[in-house]
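Notes to accompany the following structure.
Throughout, residue positions are numbered sequentially from 1 according to the sequence presented. Small disclaimer: the values here were computed from a predicted structure and weren't measured.
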Amino acid sequence: MVLIAGWLAFRFPLDGLWHAQTYDITPHVSAEEAAMARVPDGVTVETTLSMLASLAVRDDTYWIGTAPKKPGPAYVVINADDGRFPAPSGMRAFVDRSHPGYAYQRIFARDNVYVFRRGRRTGG
């Protein structure tokens, strides 16, 4: 058993544990951290899965598409790398459509990570 466990430790997903680049912080991860830093504690946030747990520690957090519509979340934080989101030029319209009655202002955009803050009511 020890021999098999030792062999498996250098194979499959465990193989990455032995390489230094596994622990490198990429520019995209840095962008996610910077985006989350723009969100204050104790607010409602709608976000994508990659940042959900980190924000849930300090905010009322919803997975994208599940936040209450009235009022919309105070912040929307999106990691657009998963391919389900529009091009950057259509990102704000996507957020506004997801939460009718509120206008959202983009306050952060870097490396395909976006933060929007709820603004004025639009009456919708």
Check your understanding: Minimum heavy-atom separation for Ala34 to Arg110, with atom names?
Key -> CB-NH2, 3.4 Å
Review point. Has the side chain of Arg38 got a donor or acceptor atom that lies under 3.5 Å from a matching backbone atom of Ile107?
Key: yes
Enumerate donor-acceptor pairs with a distance under 3.5 Å from any side-chain N or O in residues 47-55 to protein atoms, sequence neighbours excluded.
from	atom 1	to	atom 2	distance (Å)
Thr47	OG1	Val77	O	2.9
Thr48	OG1	Asn79	N	3.1
Ser50	OG	Glu32	OE2	2.9
Ser50	OG	Asn79	ND2	3.1

Check your understanding: Is there a donor-acceptor contact under 3.5 Å from the side chain of Ser98 to the main chain of Phe94?
Key -> yes
Point to revise | In one Ile/Leu/Val/Met/Phe/Trp/Tyr side-chain cluster, 4.5 Å: Phe108, Ile78 | key: no
Study note, to complete from the structure: By salt bridge (Lys or Arg N to Asp or Glu O under 4.0 Å), Asp41 pairs with (sequence neighbours left out) Arg58
Revision key, fill the gap. Joining Ile, Leu, Val, Met, Phe, Trp and Tyr whenever any side-chain heavy atoms lie under 4.5 Å apart, the cluster holding Ile25 also takes in Val29
Point to revise | Closest non-hydrogen atom pair between Tyr102 and Gly119, with its separation | key: CD2-O, 4.4 Å
Revision key, fill the gap. With sequence neighbours left out, the residues meeting salt bridge (Lys or Arg N to Asp or Glu O under 4.0 Å) with Arg118 are none
Review point. In the single-linkage hydrophobic clustering (I, L, V, M, F, W, Y; side-chain heavy atoms under 4.5 Å), do Trp63 and Tyr75 co-cluster?
Key: no
**Study point:** Minimal non-hydrogen separation, Arg97 against Pro100, with atom names
**Key:** O-CD, 3.5 Å
Practice item. List the atom of Asp111, the atom of Pro27, and the distance in Å for their closest heavy-atom pair. Key: OD2-C, 3.4 Å
Exercise for review: Would you name the heavy atoms of Ala74 and Thr44 that are closest together and state the gap between them?
Suggested key: N-OG1, 2.9 Å
**Study point:** Residues His99, Glu46; criterion side-chain contact (heavy atoms from CB on, under 4.5 Å); working and verdict
**Key:** CA-CA 11 Å; His99 302 287; Glu46 184 177 43; 2.5 Å; yes
Review point. In terms of hydrophobic clustering (I, L, V, M, F, W, Y; side-chain heavy atoms under 4.5 Å; direct or indirect links), are Tyr62 and Val43 co-clustered?
Key: no
Point to revise | By salt bridge (Lys or Arg N to Asp or Glu O under 4.0 Å) - contacts of Asp59 (at least two apart) | key: none
Point to revise | Nearest-0.5 Å distance, CZ of residue Arg117 to CZ of residue Arg106 | key: 13.0 Å
**Study point:** Single-linkage hydrophobic cluster, 4.5 Å side-chain cutoff, Val76 and Tyr114 together
**Key:** yes
**Study point:** Residues forming a side-chain hydrogen bond (donor to acceptor under 3.5 Å, both in side chains) with Glu33, sequence neighbours excluded
**Key:** none
**Study point:** Side chains of Phe116 and Met91 in contact at under 4.5 Å (non-hydrogen atoms)
**Key:** yes
Practice item. Taking the side chain as every heavy atom from C-beta outward, state whether Val113 and Asp81 have any pair of such atoms under 4.5 Å apart. Key: no
Practice item. Taking the side chain as every heavy atom from C-beta outward, state whether Thr66 and Ile64 have any pair of such atoms under 4.5 Å apart. Key: no
